[in-house]
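Here the structure is a predicted model, which is why all the values come from computation and not from measurement.
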Amino acid sequence: MQKPLIVFVGAVYPSQYSLLCSYLRSTGMADSWFMTTPGHKANHEKNCDHLLSFQPDGKIVGPQSYYYSSKVERSARICRGVLKALQDFEKAQGRPIDLVVAHSLWGAPNWLYGEIEAAVVSYIEFPSYLAHGWDPQYPPDASQRLGDRNMEMLHFHQVLCSDLTIVPSAYARSLFPALLQDRIAVQFEGFDIKPPLPPPAPSGASTAKPFTIAFSARDLSSSKGFETYMRLVDRLVREGHAENTRFLAIGDAEAVTYGYEQQWVERRYKGQVKSFRDHLLKTYPAAQVVEFPGRLPYDEFAEMLGSVDLFLYPLRYGVANWGLMEILARGGCVIASNWGFVPELVQHDVNGLLIPDNDDAWIAAIRLMRADTARRARYSAAAQETGQRYHISKVAPRYMALFERAMTQKRAPLV
């Protein structure tokens with residue numbers, strides 16, 4: 001039986017599904033390829049023998065010609081190039097593509113429907129920023145809210161026209177209208193996270209090693225819970241619960257976020273304060289004890305995670321987080337928010353502790369976990385097991401089952 005010919009599409013490489021693409025190919029589960037922009041192909045093809053390229057029809061980074069329809073215009077520029085590249089690839093292969101798996105915005109499948117015979121799967125993180133949520137303290141402008149509707153329009157169209165849509169969490173699916181949810185499957189990404197480093201030595205009054213409490217995320221943003229972390233640190237220090245304690249905030253203070261706090265900072269301080277982090281340091285002065293290693297090379301990042309005794313993950317908004325999986329797979333002990341997508345990965349009192357949005361509850365939980373070495377060890381072991389369940393070798397067959405479902409839907413659409 002001939003292996004299915006699958007092309008993953010995304011303007012950024014590596015990205016979602018690049019590991020899956022390589023794994024399906026290396027194991028013989030599929031004849032899989034990854035199509036990206038010429039620059040990314042040139043940068044990575046020496047280490048990857050299955051990269052293809054598409055040429056966008058114009059600039060796709062930065063502002064488009066009209067602000068309010070920028071996502072529609074960018075998607076058109078991407079998909080026009082993708083459609084031609086897919087058609088050319090089919091001619092070169094001498095056989096039709098069976099399945100295209102496209103990132104909803106950076107793979108933009110909107111013009112593929114009816115133009116190619118392949119089944120189409122769209123990967124969407126969330127339908128819109130409005131549905132995703134933002135901190136009301138740092139709201140978007142009216143123009144941002146209105147422009148966001150076009151992103152929502154693109155995504156709803158993709159759900160209606162794709163043979164299947166995949167989102168990373170059940171919470172992400174819940175953000176779509178109920179009428180569309182039956183067309184959406186939930187599957188979190190697969191990973192190949194290396195075994196955890198040896199755990200740090202137990203902390204206590206008899207050792208010089210400080211007890212390390214960390215926050216870790218790609219961006220130090222309100223939606224990831226960074227403000228909550230800084231507020232909790234400020235309170236721990238002021239109330240005398242920070243003796244022999246090291247506080248770490250791992251992440252990029254200037255990374256692009258899913259919220260609007262940076263523009264709020266720029267407008268309030270008129271350039272006198274550089275980032276949201278710096279604003280929080282002014283707001284919570286006792287949190288000046290927090291160390292900020294910044295964006296780290298992966299090996300250094302992994303080593304730093306291994307030095308942490310307790311991670312705080314006070315998520316405000318989000319549909320999935322690959323950084324949280326990195327922490328769990330490495331045996332991190334986590335206190336996390338009990339809402340959003342987090343309970344899909346963290347089970348209360350099994351592989352972590354889930355806490356409501358209440359500072360008193362968080363402070364009590366931090367003090368409890370610091371004193372309970374055995375519980376931290378139990379959570380750590382269970383967290384590693386969680387990570388193993390999401391190893392690429394376990395997740396790839398689930399994706400293939402979803403892809404078979406999409407190809408079957410293309411061949412014989414359900415009424």
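- Side chain to side chain, Asn351 and Thr386 meet the donor-acceptor criterion of an N or O pair below 3.5 Å.
- Enclosure of atom CZ in Arg375 by more than 12 non-hydrogen atoms of other residues, nucleotides or ligands within 6.0 angstrom is indicated.
- Side-chain contact between Val101 and Phe8 is present, with heavy atoms from C-beta onward closer than 4.5 Å.
- Using modelled atom types and a 3.5 Å distance limit, the side chains of Tyr298 and Glu326 yield a donor-acceptor pair.
- Relative orientation of the Tyr229 and Phe215 rings is tilted, given thresholds of 30° and 60° on the angle between their planes.
- When only modelled atom types and interatomic distance are considered, Ser216 and Tyr313 share no side-chain donor-acceptor pair under 3.5 Å.
- Tyr123 and Tyr17 have perpendicular rings, their planes meeting at more than 60° on a 0 to 90° scale where under 30° would count as parallel.
- Contact detail for Leu402 and Ala185: the closest heavy-atom pair is CD2-CB, 3.8 Å.
- Remark: side-chain polar atoms of Ser162 are not paired, donor with acceptor, to backbone N or O of Val159 under 3.5 angstrom.
- In this structure, Ala118 and Leu99 approach most closely via the heavy-atom pair CB-N, 4.0 Å.
- Residue Ile60 comes nearest to Ala11 through the heavy atom pair CD1-CB, 4.1 Å, listed as atom of the first residue, atom of the second, then distance.
- In summary, of the residues considered (Tyr13, Phe89, Phe54), a ring-ring contact (aromatic ring centres under 6.0 Å, His included) with Trp33 occurs for Phe89 alone.
- In this structure, Val167 and Glu125 have side chains that are not in contact, with every pair of non-hydrogen atoms separated by 4.5 Å or more.
- Atom CG of residue Asp219 and atom CD of residue Glu254 lie 12.5 Å apart, to the nearest 0.5 angstrom.
- Contact between Gly331 and Gln384 at its shortest, heavy atoms only, is CA-CG, 3.4 Å.
- Salt bridge status for Arg389 with Glu385: absent, with no side-chain N to carboxylate O gap under 4.0 Å.
- No donor-acceptor distance shorter than 3.5 angstrom exists from the side chain of Ser380 to the backbone of Ala377, with no hydrogens or angles considered.
- Other residues, nucleotides and ligands place more than 12 heavy atoms under 6.0 Å from the CZ atom of Arg398.
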Steps toward side chain to side chain contact (heavy atoms under 4.5 Å, CB included) verdict (Glu261, Ser221): CA-CA 8 Å; Glu261 58 272 85; Ser221 66; 3.5 Å; yes

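- Using a 4.5 Å heavy-atom threshold, the side chains of Tyr269 and Lys282 count as touching.
- When each of Arg183, His103, His155, Gln158 is checked for a side chain to side chain donor-acceptor pair (under 3.5 Å) with Ser122, only Gln158 meets the rule.
- Distance check, rounded to the nearest 0.5 Å: CD of Glu243 to CG of Leu236 gives 13.0 Å.
- The residues Arg370 and Asp372 are annotated as not salt-bridged, no charged nitrogen and carboxylate oxygen being separated by less than 4.0 angstrom.
- Around NZ of Lys274, the count of heavy atoms belonging to other residues, nucleotides or ligands within 6.0 Å does not exceed 12.
- Side-chain contact between Met304 and Phe301 is absent, with no heavy-atom pair separated by less than 4.5 Å.
- For Ser223 (side chain) and Arg316 (main-chain N/O), no donor-acceptor pair under 3.5 Å exists by modelled atom type.
- With a 4.5 Å cut-off on side-chain heavy atoms, Gln409 and Val121 do not count as touching.
- Asp148 places a side-chain N or O within donor-acceptor distance of the main-chain N or O of Leu130, the cut-off being under 3.5 Å.
- Put simply, CD1 on Ile335 and CG on Leu310 are 4.5 Å apart, with the number rounded to the nearest 0.5 Å.
- Using a cutoff of 4.0 Å between basic side-chain nitrogens and carboxylate oxygens, Lys410 and Asp98 are not scored as salt-bridged.
- Side-chain N or O atoms of Arg77 include none that pairs as donor or acceptor with a backbone N or O of Pro56 at under 3.5 Å.
- Between Arg235 and Asp359, none of the side-chain N atoms (NZ, or NE/NH1/NH2) sits under 4.0 Å from a carboxylate O, so this pair counts as no salt bridge.
- In this structure, Gln262 and Thr257 have side chains that are not in contact, with every pair of non-hydrogen atoms separated by 4.5 Å or more.
- Note that CG of Leu105 is 8.5 Å distant from CZ of Arg74, once rounded to the nearest 0.5 Å.
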Evaluate the criterion side chain to side chain contact (heavy atoms under 4.5 Å, CB included) for residue pair Ile213 and Arg246; output intermediate values, then yes/no. CA-CA 6 Å; Ile213 301 174; Arg246 182 187 186 196; over 6 Å; no

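- A donor-acceptor pair under 3.5 Å is absent between the side-chain atoms of Ser128 and the main chain of Met151, judged by distance alone.
- Annotation: ring pair (Phe, Tyr, Trp, His ring centres under 6.0 Å) contacts of His132 (sequence neighbours excluded): Phe126, Tyr258.
- Of the residues Trp264, Trp134, Tyr129, the one that meets the side-chain contact (heavy atoms from CB on, under 4.5 Å) test with Pro140 is Trp134.
- Using a 30° and 60° split on the angle between ring planes, Phe188 and Trp322 fall in the tilted class, from 30° to 60°.
- Contact check for Pro109 versus Val9: no side-chain heavy atoms found under the 4.5 Å cut-off.
- No side-chain heavy atom of Glu189 sits under 4.5 Å from any side-chain heavy atom of Met325.
- A donor-acceptor pair is defined here as one N or O able to donate and one able to accept, closer than 3.5 Å; such a pair exists between the side chain of Ser75 and the backbone of Lys71.
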Side chain to side chain contact (heavy atoms under 4.5 Å, CB included) assessment of Tyr390 paired with Ile193: CA-CA 10 Å; Tyr390 288 92; Ile193 298 169; over 6 Å; no

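- No donor-acceptor distance shorter than 3.5 angstrom exists from the side chain of Ser53 to the backbone of Pro38, with no hydrogens or angles considered.
- Scanning all heavy atoms of the two residues, the minimum distance from Leu52 to Lys41 falls at C-CD, 3.8 Å.
- Smallest separation of non-hydrogen atoms from Arg378 and Asp349: NH1-O, 3.0 Å.
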Evaluate Glu227 against Tyr284 for side-chain hydrogen bond (donor to acceptor under 3.5 Å, both in side chains), listing each step before the verdict. CA-CA 9 Å; Glu227 181 165 10; Tyr284 305 107; 3.2 Å; yes

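- Considering CG of Leu160 and NE2 of His157, their distance stands at 7.5 Å, rounded to 0.5 Å.
- A salt bridge is absent between Arg411 and Asp163; no separation between the charged side-chain nitrogens and carboxylate oxygens falls under 4.0 Å.
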Mind running side chain to side chain contact (heavy atoms under 4.5 Å, CB included) on Phe34 and Ser15 for me, showing each step along the way? CA-CA 10 Å; Phe34 199 102; Ser15 63; 3.4 Å; yes

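- A side-chain donor-acceptor contact under 3.5 Å links Gln144 to the backbone of Asp141.
- Side-chain atoms of Ser337 never come within 3.5 Å of backbone atoms of Trp339 as a donor-acceptor pair (strictly under, hydrogens ignored).
- Atom CD1 of residue Ile97 and atom CG of residue Leu86 lie 4.5 Å apart, to the nearest 0.5 angstrom.
- Salt bridge Lys194/Asp299: absent, no basic N to carboxylate O contact under 4.0 Å.
- Annotation: ring pair (Phe, Tyr, Trp, His ring centres under 6.0 Å) contacts of Phe292 (sequence neighbours excluded): none.
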